[in-house]
Amino acid sequence: MQKNKLYLIKWLDHTGNSGWVTDLKDEEPAECLTIGWLVEETKKSYKLADTQSGNMVAGLSVIIKSCILDVWEIDFYDEKRKTTPRKSS
């Protein structure tokens with residue numbers, strides 16, 4: 001079993017409009033939620049995968065840290081440890 005931790009990340013995504021725009025106040029970044037196993041963290045990004053098998057991953061999302069609004073580490077309740085989900089610091 002992989003030792004990677006499960007994360008939920010709220011982030012802003014770029015958007016675009018290829019048509020004529022008259023009211024710019026309605027053009028905003030899209031707020032997104034992504035959940036996945038943290039397979040790598042770099043200085044600039046988090047890399048989450050939705051599937052892991054051995055040393056392979058699938059469904060990879062690379063989320064730029066400057067676009068992140070919030071990050072939560074998901075910890076499943078464990079009767080022996082008496083733990084519940086908590087927000088990552």
So, using side-chain contact (heavy atoms from CB on, under 4.5 Å) as the criterion, who are the partners of D26 when residues are at least two apart? D23

Could you work out, with side-chain hydrogen bond (donor to acceptor under 3.5 Å, both in side chains) as the rule, every residue matching S45, not counting sequence neighbours? T42

Shortest non-hydrogen pair, A58 vs A49, comes out as O-CB, 3.6 Å

Taking transitive links into account, so neighbours of neighbours count too, which hydrophobic residues share a cluster with L24 at under 4.5 Å side-chain distance? V21

Please enumerate all residues that pass salt bridge (Lys or Arg N to Asp or Glu O under 4.0 Å) together with E28, with sequence neighbours excluded. none

Which ILVMFWY residues can you reach from I64 by hopping between side chains whose heavy atoms are under 4.5 Å apart? none

Any chance you could measure C32, atom SG, to I68, atom CD1, to the nearest 0.5 Å? 11.5 Å

Stepwise side-chain contact (heavy atoms from CB on, under 4.5 Å) check, W11 with T34: CA-CA 8 Å; W11 57 285; T34 300; 2.9 Å; yes

Can you list the steps and then say if I35 with L48 is a side-chain contact (heavy atoms from CB on, under 4.5 Å)? CA-CA 7 Å; I35 189 168; L48 303 181; over 6 Å; no

Carefully, step by step, assess V39 and Q52 under the rule side-chain contact (heavy atoms from CB on, under 4.5 Å). CA-CA 9 Å; V39 294; Q52 300 179 93; 4.0 Å; yes

Reported NZ-to-CG distance for the pair K10 and L12, which is rounded to 0.5 angstrom: 9.5 Å

State yes or no: do I63 and L38 share one hydrophobic cluster built from I, L, V, M, F, W and Y residues joined by side-chain heavy-atom distances below 4.5 Å, directly or via other members? yes

Within this structure, what is the CG-CH2 distance for the pair L8 and W72, rounded to the nearest 0.5 Å? 5.5 Å

Not counting sequence neighbours, which residues clear side-chain contact (heavy atoms from CB on, under 4.5 Å) with T22? List them please. none

Within a strict 4.5 Å, meaning less than it, do heavy atoms of the V71 and Y46 side chains meet? yes

Please walk me through it: do D70 and I9 pass side-chain contact (heavy atoms from CB on, under 4.5 Å)? CA-CA 6 Å; D70 217 338; I9 298 179; over 6 Å; no

Going by the salt bridge (Lys or Arg N to Asp or Glu O under 4.0 Å) test, which pairs reach into residues 38-60, not counting sequence neighbours? E40-K47, E41-K65

